[in-house]
Protein chains: 2
Amino acid sequence: MSTKTEQLRYEKRASILKALAHPSRLKLVDKLSEADEVCVCDLTEVIGSDMSTVSRHLSQLKNAGIVESEKRGQMVFYRLRVKCLKSLFSCIESVVKCDVNQNMKVLS
Amino acid sequence: MSTKTEQLRYEKRASILKALAHPSRLKLVDKLSEADEVCVCDLTEVIGSDMSTVSRHLSQLKNAGIVESEKRGQMVFYRLRVKCLKSLFSCIESVVKCDVNQNMKVLS
DNA sequence: TGCCTATTTGCATGATTAGCCAATTATGTG
DNA sequence: CACATAATTGGCTAATCATGCAAATAGGCA
């Protein structure tokens, strides 16, 4: 594989990770994983920021290909497009746990 | 779980994802996954940025608990602390692939 | 049509990030 | 000790990001 292609691959992956790398967006993904679809208004309540802010977070997730949206009536419903988030989060969680262990070692 | 704790959990996860969310840092992780340990000087060649820049990328990965380092002589060697990166990347990759499919649909 | 609700977009602001060069620290070697 | 190498840190700039308010868009409904 050419260096150029390789570079593009890293950039693409990074852009997806970046889309996930925010507490509010992680929470959004979490909520969406519990339900089939949720409207912006309900998500806004969950997050507790201005609706415009939530809308922008959602559009970042959408641009990254993590969620999709559908407008029905005046409302817009968001849905997860990806089903593997659980394994991703379990990996992230293992970093967290590993860190805790490390910290305990330091303290003991 | 309290809302406060929940919030902290999202923040912690986000910080780990943020540490990974950069092409150069992904490349560093990739290289480190191929070898047991690599010194900063070698990693600098791979990345092709200034060594100071690479050093800062590495310290971000270290702060996130993704890599660890050991100084031997004048050199500092970095190692992955986490073994599950492969499953994480396969998830990311499935987002990429899903995107490609979507794009093909749009084009056809 | 006129008004209400849901959502997105424009704009301004403050905060964070990435990058390089230069300076500093630490180690090894003559 | 003097010098070279490896790595980190300080300082600066340009770019990107997060956020809220206000305005615009679009869909119901009387």
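All heavy atoms count here, side chains included; hydrogens, waters and symmetry mates do not. Letters A, B, ... mirror the listed sequences (proteins, then strands); counts begin at 1. Here the structure is a predicted model, which is why all the values come from computation and not from measurement.
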* Grab the CG-P distance between B:Leu58 and C:dA18 for me, whole Å please. => 13 Å

* **Contact check, side chains of B:Leu28 and B:His57, non-hydrogen atoms, under 4.5 Å** => yes

* Determine yes or no for a side-chain-to-main-chain donor-acceptor pair under 3.5 angstrom, with B:Thr44 supplying the side chain and B:Val40 the backbone. => yes

* Rounded to whole angstroms, how far apart are CZ on A:Phe77 and C1' on C:dT5? -> 13 Å

* Asked: Any Lys/Arg nitrogen of B:Arg72 or B:Glu70 sitting under 4.0 Å from an Asp/Glu carboxylate oxygen of the other?
  -> yes

* Asked: Going 5' to 3' along DNA chain D, which nucleotides are the first and last within contact of chain B (any atom under 4.0 Å from a heavy atom)?
  -> D:dT5 to D:dG11

Within the sub-3.5 Å range, which N or O atoms of nucleotides 11-15 of chain C have a protein N or O partner, and how far apart are they?
unit_1 : atom_1 : unit_2  : atom_2 : d
C:dC11 : N4     : A:Arg56 : NH2    : 3.3

* Asked: Short question: side chain of A:Thr53, backbone of A:Ser49 - any donor-acceptor pair under 3.5 Å?
  -> no

* Structure fact -> Within residues 17-49 of chain B, the residues having a heavy atom closer than 4.0 Å to DNA chain D are B:Cys39, B:Val40, B:Cys41

* Residues clustered with A:Leu8, ILVMFWY side-chain links under 4.5 angstrom -> none

* Asked: Is there a side-chain contact between A:Tyr10 and B:Asp30, using heavy atoms and a 4.5 Å cut-off?
  -> yes

* Which residues pass the side-chain hydrogen bond (donor to acceptor under 3.5 Å, both in side chains) test with B:Asp42, sequence neighbours left out? -> none

* To do: For each nucleotide in nucleotides 23-30 of chain C, reading 5' to 3', give B when a protein heavy atom comes within less than 4.0 Å of its base, S when such contact involves only the sugar-phosphate, and - otherwise.
  => ---SBS--

* Any sub-3.5 Å donor-acceptor pair from B:Arg25's side-chain atoms to B:Ala19's backbone N or O? -> yes

* Does A:Glu45 CD have over 12 foreign heavy atoms under 6.0 Å away? -> no

* **Interatomic distance where NE2 belongs to B:His57 and P belongs to C:dT17 [whole Å]** => 12 Å

* Asked: Can any side-chain N or O of B:Arg81 pair as donor or acceptor with the backbone N or O of B:Glu68 at less than 3.5 Å?
  -> no

